[in-house]
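Data first, discussion second: the structure below is written as structure tokens.
No hydrogens, no waters, no symmetry mates; every other heavy atom, side chains included, goes into these values.
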Amino acid sequence: MNPIACRAVAQAGLVAATASADDEAPWPLLLVAGWHTTAADLVLADVRLADDLAALPV
């Protein structure tokens, strides 16, 4: 797995632990969404790269 994607998920977890929809500004929750989006984008890029490499002729 992509270590940068793992770090993005870890960052989202750290922010999510302190973010609350009840008494916080919206930006901590936006950070959680941003880190999860970053992780998803990185994992999808890895999958696409693996698919592209598998399609190359041997």
**Asked** Can you name the residues that form a side-chain contact (heavy atoms from CB on, under 4.5 Å) with L53, not counting sequence neighbours?
**Response** L49, L56

**Request:** Please report the closest heavy-atom contact between A8 and W35, naming both atoms and the distance.
**Result:** O-CB, 3.3 Å

Show every donor-acceptor pair shorter than 3.5 Å between a side-chain atom in residues 36-44 and any protein atom, with sequence neighbours excluded, or say none if there are none.
unit_1	atom_1	unit_2	atom_2	d
H36	ND1	V32	O	3.4
T37	OG1	A33	O	2.8
T38	OG1	G34	O	2.9

